[in-house]
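Chain letters run A, B, ... following the sequence lines, proteins first, then strands; residues in each count from 1. Hydrogens, waters and symmetry mates are skipped; everything else that's a heavy atom, side chains included, is used.
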There are 2 protein chains.
Amino acid sequence: MATMVDVARIAGVSISTVSHVLNGTRNVEPKTRSRVLKAIEQTGYRQDTLARAMRRSKSDSIGLVVSDAGEPAFAEMVHGVEQEAAARGLTLLLANSAEDPERERRAVRTLLERRVDGLILACAAAATPSLLTDLQDEKTPVVLLDRLYRDLPFDQVGADNRDSMRALVRHLAAQGHRELLVIAGDVRVPALEERLDGFFDGVRDAQLDAGGQHIIQGTDRARIGDAIRVALADGNATAIIACSTPLAVAGLRALEDAGSEIPGDIAFATFDGFDNPDLFRPRLTTVRQPAFDMGVAAVRLLMERLDAPDSSPRTVRLHQDLQLRESTEGFGFPA
Amino acid sequence: MATMVDVARIAGVSISTVSHVLNGTRNVEPKTRSRVLKAIEQTGYRQDTLARAMRRSKSDSIGLVVSDAGEPAFAEMVHGVEQEAAARGLTLLLANSAEDPERERRAVRTLLERRVDGLILACAAAATPSLLTDLQDEKTPVVLLDRLYRDLPFDQVGADNRDSMRALVRHLAAQGHRELLVIAGDVRVPALEERLDGFFDGVRDAQLDAGGQHIIQGTDRARIGDAIRVALADGNATAIIACSTPLAVAGLRALEDAGSEIPGDIAFATFDGFDNPDLFRPRLTTVRQPAFDMGVAAVRLLMERLDAPDSSPRTVRLHQDLQLRESTEGFGFPA
DNA sequence: CTGTTAGCGCCTTCAG
DNA sequence: CTGAAGGCGCTAACAG
């Protein structure tokens with residue numbers, strides 16, 4: 001591998017001149033410059049980003065740690081982050097914690113050791129509490145993505161979970177539903193907690209009986225299935241809301257096992273949802289997270305933070321779309 | 001940020017001793033060792049991976065360039081690569097070419113400049129031909145993923161596209177289908193070329209009339225739609241095969257526009273397919289790519305190549321599952 | 001407009 | 001069992 005020294009020797013200039021033509025960091029006479037360029041061509045010289053990063057203590061790279069690369073929403077966020085990073089000449093270092101706090105800790109540490117310029121973090125549900133507080137003392141800026149922590153002074157980007165859920169509940173109530181079943185998931189995840197809060201906002205707005213609603217917490221599939229069976233047997237709940245894609249999968253499977261039809265037997269809505277929602281039946285009413293844009297926004301926040309390290313932390317909420325489809329439109333209320 | 005010098009000073013040892021306890025690269029007296037460890041604790045010292053990489057000229061990182069992060073199959077491959085890389089203590093640098101040869105070139109260059117230990121590459125359909133030949137001269141090992149180039153001496157991992165398609169065609173023929181429509185896509189993509197080849201293998205096996213089959217090439221949605229409409233109007237084709245997820249989307253939309261039912265009016269099968277294929281209707285017969293495992297296999301190949309730089313290149317083909325579902329089971333042939 | 005030089009933080013011979 | 005010292009490839013003062 002050719003180095004700057006080789007280029008300099010061949011071009012008959014000093015290595016600092018080579019550096020300056022490479023980086024455009026000071027004027028160099030056209031003639032000299034072209035000699036250098038030719039030498040670069042000739043040697044096939046390529047800059048060593050590592051050495052450069054070390055010297056400048058700036059790596060032009062960012063790290064992204066996601067908590068579950070399996071969920072489509074996260075895959076989309078990764079995509080958005082990659083896109084925006086590339087557009088700004090940043091290399092993306094990707095890690096997946098798989099909802100494991102220990103892996104998460106290791107991933108963060110590894111990325112910090114690699115001297116990334118900034119870190120984007122979608123924390124695991126059971127994230128080690130000290131992780132984020134430790135990160136506050138770090139000079140490497142951090143942006144929290146999707147998994148937000150209201151009380152911590154980080155830049156954050158998420159969706160308007162609470163408002164979207166509220167709107168969804170109001171919509172269902174307006175159609176006549178009075179008793180709903182919410183598959184809430186792991187409410188330690190801030191986004192899921194917010195969605196549950198929004199549910200009760202909506203219940204209040206629509207003056208439904210708060211005590212009469214069915215809330216299923218946790219992610220255990222069997223338990224979700226049981227709870228749905230019970231609720232269906234009682235026969236009072238007329239609509240189900242799943243608070244994430246995996247929760248929707250659990251719910252849909254349970255309904256299938258029970259032989260219940262959507263929306264004939266029960267209405268169904270989900271957050272995040274599935275790809276190509278109009279191609280397959282049932283067409284599910286979905287609150288859609290702008291996951292790609294959230295990734296883009298996270299990178300922007302990070303770069304702005306680098307420019308202004310001392311400005312106060314900002315939380316950006318992106319609007320979620322409420323896409324109404326057949327799964328909540330055909331339920332037959334008794335006259 | 002504390003450096004090894006700080007640690008050495010506090011522990012009252014030389015910096016080389018610090019290095020050796022850090023890397024376990026030579027024996028050091030337990031007492032000394034624990035002094036060093038304490039000093040590390042105390043200073044919050046963290047290794048600078050960049051400096052280390054520069055010195056060892058080995059970065060413990062690998063680069064992955066995918067051609068379309070949007071396709072679910074690629075998202076899964078990324079996931080598999082990440083998983084296996086992390087398990088081996090490698091950091092993953094991710095780039096997306098978005099099927100743009102220019103972006104692809106830049107991505108490869110960037111990753112090379114970052115001194116990745118190896119590169120995994122799912123080439124764009126229209127990849128610059130010189131890209132791969134240039135890469136052959138590089139000492140950085142390269143593994144081709146999914147987008148294979150039979151004639152080039154790289155390690156490669158793909159799926160058994162040809163055989164799977166052949167099996168699918170035979171299955172359809174056994175059911176009575178004699179005239180098929182293939183949405184073949186961009187056959188510059190090797191996997192798609194292989195699938196098309198496999199189609200003709202199957203046609204031959206089943207002794208169908210090769211001239212009577214409908215092949216739609218390209219990715220233009222409108223053209224695919226037109227071709228399907230024409231084929232339906234003629235009324236001879238009884239089954240459609242989509243050779244990738246986006247192609248399936250195009251096909252399904254066209255059928256929907258035409259008001260055709262699957263499988264009543266026409267049978268439908270797809271490669272790669274959709275998530276949760278049993279939850280939504282129509283349940284599509286799918287040739288499923290083991291995308292995650294392909295990612296894993298690519299990392300393994302890469303590491304083995306690093307251990308044995310001169311062994312001959314290997315191509316690994318992973319088996320694809322033919323998942324039969326309703327979309328090909330209910331077509332009513334006239335008696 | 002160009003060259004010289006001192007490190008960035010680390011690993012690794014080579015001596016002791 | 002431990003220390004001293006050189007240098008990986010590059011940037012950025014500082015001098016001319």
Colleague: Please list, by residue number, the residues of residues 105-119 of chain A whose heavy atoms come closer than 4.0 Å to an atom of DNA chain C; answer none if no residue qualifies.
Modeller: none

Colleague: So if I take every side-chain heavy atom of Thr17(A) and compare against dC10(D), dT2(C), dT2(D), which nucleotide ends up nearest?
Modeller: dT2(C)

Colleague: Among the candidates dG3(C), dC10(C), dC10(D), find the nucleotide nearest to the side-chain atoms of Met4(B).
Modeller: dC10(C)

Colleague: Could you state the CG-C1' distance from Asn23(B) to dG9(C), rounded to the nearest angstrom?
Modeller: 13 Å

Colleague: Counting the atoms with a prime plus P, OP1 and OP2 as sugar-phosphate, which does Thr3(A) contact under 4.0 Å by heavy atoms, base, sugar-phosphate, or nothing?
Modeller: sugar-phosphate

Colleague: When you measure from the side chain of Arg55(A), which nucleotide among dC1(C), dC8(C), dT12(C) comes out closest?
Modeller: dC8(C)

Colleague: Would you say the side chains of Ser311(A) and Arg305(A) form a donor-acceptor pair under 3.5 Å?
Modeller: yes

Colleague: Quick check for you: among dT2(D), dC10(C), dC10(D), whose closest atom lies nearest to any side-chain atom of Gln47(A)?
Modeller: dC10(D)

Colleague: Starting at CD1 of Ile15(A) and ending at C1' of dT11(D), how long is that distance when rounded to a whole Å?
Modeller: 9 Å

Colleague: Given dT2(C), dG9(C), dC1(C), which nucleotide is nearest the side-chain atoms of Asn27(A)?
Modeller: dC1(C)

Colleague: Just to be sure I understand the rule, does Val5(A) reach a base, reach only the sugar-phosphate, or reach nothing, if contact means heavy atoms closer than 4.0 Å?
Modeller: nothing

Colleague: Rounded to whole angstrom units, what separation is found between the CG atom of Asp60(B) and the P atom of dC10(C)?
Modeller: 15 Å

Colleague: Consider the side chain of Met54(A), meaning its heavy atoms from C-beta on, and name the nucleotide among dT2(D), dC8(C), dG3(D) that approaches it most closely.
Modeller: dC8(C)

Colleague: Quick one: do the Ser14(B) and Ser16(B) side chains pair a donor with an acceptor below 3.5 Å?
Modeller: yes

Colleague: Could you note down all residue pairs passing ring-ring contact (aromatic ring centres under 6.0 Å, His included) where residues 99-120 of chain A supplies at least one of them, sequence neighbours left out?
Modeller: none

Colleague: Looking at Val13(A), is its backbone amide N or carbonyl O close enough to the side chain of Thr17(A) to form a donor-acceptor pair, meaning the two atoms are under 3.5 Å apart?
Modeller: no

Colleague: To the nearest Å, how far apart are His20(A) NE2 and dG9(D) C1'?
Modeller: 15 Å

Colleague: Check whether the side chain of Arg26(A) and the base of dT2(C) form a donor-acceptor pair under 3.5 Å.
Modeller: yes

Colleague: Would you mind reading off the distance between Arg56(A) atom CZ and dA12(D) atom P, rounded to a whole angstrom?
Modeller: 7 Å

Colleague: Measure CD1/Ile40(A) against C1'/dC10(D) and give the value in whole Å, please.
Modeller: 14 Å

Colleague: Between the side chain of Glu99(A) and the main-chain N/O of Ala126(A), is any donor-acceptor distance below 3.5 Å?
Modeller: no

Colleague: Contact class for Thr25(B) (heavy atom, under 4.0 Å): base, sugar-phosphate, or nothing?
Modeller: nothing

Colleague: What is the distance, rounded to the nearest whole Å, between atom CG of Asp48(A) and atom C1' of dG7(D)?
Modeller: 14 Å

Colleague: Roughly how many Å is it from CG in Leu22(B) to C1' in dT12(C), rounded to a whole number?
Modeller: 14 Å

Colleague: Do Thr91(B) and Arg114(A) get their side chains close enough for a donor-acceptor pair, meaning under 3.5 Å?
Modeller: yes

Colleague: Between Ser14(A) and dT4(C), is there a contact of a side-chain N or O with OP1 or OP2 at under 4.0 Å?
Modeller: no

Colleague: Consider only side-chain N and O atoms of Asn161(A) and Gln289(A), and report whether a donor and an acceptor are under 3.5 Å apart.
Modeller: no

Colleague: So which atom in Leu144(B) and which in Phe154(B) form the shortest heavy-atom distance, rounded to 0.1 Å?
Modeller: CD2-CD1, 3.8 Å

Colleague: Reading DNA chain D from 5' onward, which residue's closest nucleotide shows up sooner: Met1(A) or Ser16(A)?
Modeller: Met1(A)

Colleague: Which of the following nucleotides, dC10(C), dC1(C), dG3(D), is nearest to the side chain of Arg52(B)?
Modeller: dC10(C)

Colleague: Of all the nucleotides listed (dG9(C), dC14(D), dT2(D)), which has the minimum atom distance to the side chain of Ala51(B)?
Modeller: dG9(C)

